[in-house]
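This report refers to the structure that appears directly beneath it.
Every number for a ligand or one of its atoms is a count from 1 in the order of the listing.
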Amino acid sequence: MTIRAGLVGLGKIARDQHLPAIARTDGIELVAVASRNAQEEGLNNYPDLDAMLAGEADMDAVILCQPPQVRYQAARQAILAGKHVFLEKPPGATVSEVEALIALAGAQGVTLYASWHSRHAAAVAQAKAWMASRAIRRIDIQWREDVRHWHPGQPWIWEAGGFGVFDPGINALSILTEIVPEPVTMLSARLEVPENKDAPIGAALSMATASGAAVEALFDWRQTGPQTWDIAVETANGSLLLSEGGNTLRLDGEVQIKAPDEEYPAMYRRFVGLVADRAIDADIAPLRLVADAFLCGRHCPTTAFDD
Ligand code: NAP
């Protein structure tokens, strides 16, 4: 069976990644789009999810690519209509929303996929396997990028529930919680919030693995020039460096993997498999760490930022 899917929120990530990835994936076909502002040639276009659900009775799945603040009600509506749901990351604006969706999808017998694209970066699976048998001593995360380059014209990202620098930072936390074979807890956090914004532009997080290894993370949205998405791990038996957001792997300084970004096609293959089994894949571990950083973090005002 080919999954007949409709997509909501025709913005940057929908156009950059979802449309091309769906076109390349066997077992799923995009039939409709719901957008307040845009239209896509060759598909059935609707102004919103209500109209799409009404107009596409035989649609099997809904892909939600809007900002996190508005995704919960849309996901509820789609699940209650009996549709399988693919959520962009982060899966919700709050932990309680995502837990409610998991319960609802279970009760309705439909798939809920809370996608974490960085977990599908080329080197993550090998990093996880390498770390599984080693004693971790320390982990350092540097996630520094230029918000003006990556998020132009996205006011939602600076508003409450938009995550600020945790929008990219949660990608690092999704890799961290995938490759570390034990729970990671948040100890303290420092959140730098521009005086004209609601969400942080920088964050310094102190975490620990259950067996006591320090995990330090720096997220910064003010980095111009070369961008940095690195996770460095020291163990009792060697060191690991994941860079390029998880697409390059070095072990003891030697490059093992350096591959192009194929994260979204991998996620769609996963979604097709989940729908076949009517299974739920919705790990909230990365979102829980972000929530904990906001719970225990010191909120430090910083100079106004114009994006
Ligand atoms: P975006 O370009 O701002 O697009 C989001 C789309 O959602 C908008 O084009 C709009 O679509 C709809 N939307 C915006 N505000 C809305 C609102 N208040 N109510 C209802 N719909 C609204 O953002 P994006 O970069 O695509 O990011 C969307 C999600 O994808 C975020 O959760 C982000 O973390 C995730 N993501 C983004 C990237 C990236 O590189 N940008 C990478 C990975 C994941 P319509 O005009 O069609 O209604």
The reported gap from CG in Leu7 to NE2 in His18 (rounded to nearest 0.5 angstrom) is 6.5 Å

Counting heavy atoms under 4.0 Å, the part of Trp116 that contacts ligand 1 is neither

Check your understanding: Do Glu178 and Trp116 get their side chains close enough for a donor-acceptor pair, meaning under 3.5 Å?
Key -> no

Atom 32 (O) of ligand 1: of Arg36, Gln73, Arg71, the nearest heavy atom sits on Arg71

If we number the atoms of ligand 1 from 1 as shown, the ones under 4.0 Å from a heavy atom of Tyr264 are 43 (C), 44 (C)

Rounding to 0.5 Å, atoms CH2 (Trp143) and CD1 (Ile175) come to a distance of 4.0 Å

Checking heavy-atom distances from atom 2 (O) of ligand 1 to each of Lys12, Glu88, His151, His18, the winner is Lys12

* With under 30° as parallel and over 60° as perpendicular, where do the rings of Tyr268 and Phe86 fit, or are they tilted in between? -> parallel

For Gly9, the atoms of ligand 1 under 4.0 Å from one of its heavy atoms are 7 (O), 11 (O), 47 (O)

The residue among Arg119, Arg288, Lys89 that forms salt bridge (charged side-chain N to carboxylate O under 4.0 Å, His left out) with Asp283 is Arg119

One finds that the ligand 1 atoms under 4.0 Å from a non-hydrogen atom of Pro90 are 32 (O), 34 (O)

Tell me whether ligand 1 is touched by Gly153 - counting only heavy atoms on the residue side and a distance under 4.0 Å.
no

For Lys89, the atoms of ligand 1 under 4.0 Å from one of its heavy atoms are 31 (C), 32 (O), 33 (C), 34 (O), 35 (C), 44 (C)

Atoms of ligand 1 under 4.0 Å from any heavy atom of Gln154, numbered from 1 in the order shown, are 1 (P), 2 (O), 3 (O), 23 (O), 24 (P), 25 (O)

So for Leu10 against ligand 1, with non-hydrogen atoms under 4.0 Å, the contacting part is both

Taking only non-hydrogen atoms of His117 and a 4.0 Å limit, the atoms of ligand 1 in range are 43 (C)

Quick look: Ile13 vs ligand 1, heavy-atom contacts under 4.0 Å, and the answer is both

The answer for which part of Gln69 has a heavy atom under 4.0 Å from ligand 1 is neither

inquiry  = Aromatic contact between Phe305 and Trp158, with the criterion being ring centroids under 6.0 Å apart: yes or no?
reply    = yes

In ligand 1, the atoms that come under 4.0 Å of a heavy atom of Ser35 are 45 (P), 46 (O), 47 (O), 48 (O)

**Study point:** Main-chain N/O of Arg134 paired with Thr235 side-chain donor or acceptor, under 3.5 Å
**Key:** no

ask   = Cut-off 3.5 Å, side chains only: do Trp221 and Glu145 have a donor facing an acceptor?
value = yes

Within the 4.0 Å heavy-atom cut-off, what Trp156 brings close to ligand 1 is side chain

The single option from Leu173, Ile201, Asp167, Leu191 that satisfies side-chain contact (heavy atoms from CB on, under 4.5 Å) with Phe219 is Leu173

